[in-house]
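Written below as structure tokens is the structure these notes are about.
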There are 2 protein chains.
Amino acid sequence: MAARDALEIVQGKWRIPIVISLTFGDKRFGQIQRDIPDISPKMLSQELKALEVNKLLTRTIHDTMPVTVEYSLTPLGKSMNKLIEDILDWGVYFRQEVLEK
Amino acid sequence: MAARDALEIVQGKWRIPIVISLTFGDKRFGQIQRDIPDISPKMLSQELKALEVNKLLTRTIHDTMPVTVEYSLTPLGKSMNKLIEDILDWGVYFRQEVLEK
DNA sequence: CCGAATCCTGTTTGATACTG
DNA sequence: CAGTATCAAACAGGATTCGG
């Protein structure tokens, strides 16, 4: 089932939020962390790695001083755009129907 | 963030598969279990309850002999349709791009 | 600033057996 | 048929400390 493959990538509290953060442009570690206030550096580091392994994003080291590391979505990562929009849309709908009634 | 609300509902290995199973019609406990071969009765029971609490499905007891219980998506549950399609689509794409290359 | 490495905890999940 | 009960394993997440 294709759902299983997709779900495995998307599972966990943080991956979708990370991808969302990067849809608005390439970011550095600290910038992503600011977008997702309650993520610990450990989890961010760990999830970024997982997403890199699955080819959703790339990690580029800029040899500046001090070193900066930039994260950027791959085309595959960007292809989640539609999926993410639907998640957001559905989240809004769900909120109206359940949380606010 | 609306993403958070949606994600909380959708999280876990089994909820999406359960909703998928029910999009093809109302089902009974054992039928869902057959659709999702590796789910344990415990997990199925637990996740069905969670989905019921979140108003994604209803549980109807038919007073037959023996008793049968039928699960059926609510309009809110059905509203996940588009989301689920996109998950499946993206899963197929992901498979092509990563798993088969 | 951008992480890596360890250690530790609670929740989630699973295997299995059993019940009305 | 439609679940519960119990026990164990796995995993996610957090706290803290350290390094270039």
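Every chain is numbered from 1, with letters handed out A, B, ... down the list of sequences. Because the structure is a prediction, the values reported are computed rather than measured.
One can place CD1 of B:I18 at 14 Å from C1' of D:dA2, the figure rounded to the nearest angstrom. As a whole-Å value, the separation of A:Q33 CD from C:dG3 P is 10 Å. A straight line from CD of B:Q46 to P of C:dT13 spans 7 Å, rounded to a whole angstrom. Going from atom CZ of B:F29 over to atom C1' of D:dA2 covers 6 Å, rounded to whole Å. The distance from atom CG of B:D38 to atom C1' of D:dA10 is 16 Å, rounded to the nearest whole Å. Atom P of nucleotide D:dA12 and atom CD of B:Q11 are separated by 11 Å, given to the nearest angstrom. As a whole-Å value, the separation of A:E47 CD from C:dG3 C1' is 15 Å. Following rounding to the nearest Å, A:R34 (CZ) and C:dG3 (C1') show an atom-to-atom distance of 14 Å.
When the side-chain nitrogen and oxygen atoms of B:S45 are compared with OP1 and OP2 of D:dA2, none of them lie within a distance under 4.0 Å. The phosphate of D:dT4 (OP1 or OP2) has a side-chain N or O of B:K49 nearer than 4.0 angstrom. Taking 4.0 angstrom as the limit, A:R28 places a side-chain polar atom (N or O) nearer than this to OP1 or OP2 of C:dC2. The side chain of B:Y71 contributes no N or O atom lying less than 4.0 Å from OP1 or OP2 of D:dC1. For C:dG3, the OP1/OP2 oxygens have a side-chain nitrogen or oxygen of A:R59 closer than 4.0 Å. For A:K42, no side-chain nitrogen or oxygen approaches OP1 or OP2 of D:dT17 to under 4.0 Å. The phosphate of D:dC1 has neither OP1 nor OP2 within less than 4.0 Å of any side-chain N or O from B:T68.
Across all non-hydrogen atoms, the minimal contact from A:L76 to B:Y93 is CD1-CE2, 3.5 Å. Shown here for B:I39 and B:Q33, the closest heavy-atom pair between the two residues is O-NE2, 4.1 Å.
At distances below 3.5 Å, at least one donor-acceptor pair connects side-chain atoms of B:K27 with backbone N or O atoms of B:S21.
Set against D:dC1, D:dG14, D:dA2, the side chain of B:V69 has D:dA2 as its closest nucleotide.
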*asked:* Before you tell me yes or no, could you show the steps for B:R15 and B:L51 under side chain to side chain contact (heavy atoms under 4.5 Å, CB included), namely the whole-Å CA-CA distance, both residues' side-chain angles and the distance that decides it to 0.1 Å?
replied: CA-CA 8 Å; B:R15 299 195 185 167; B:L51 292 170; 4.1 Å; yes

_side chain to side chain contact (heavy atoms under 4.5 Å, CB included), that's the test. Do A:I9 and B:W90 meet it? Break it down for me._
CA-CA 11 Å; A:I9 306 311; B:W90 189 82; 4.0 Å; yes

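At a threshold of 4.0 angstrom between heavy atoms, the contacts of B:P41 include nucleobase atoms, whether or not backbone atoms are also involved.
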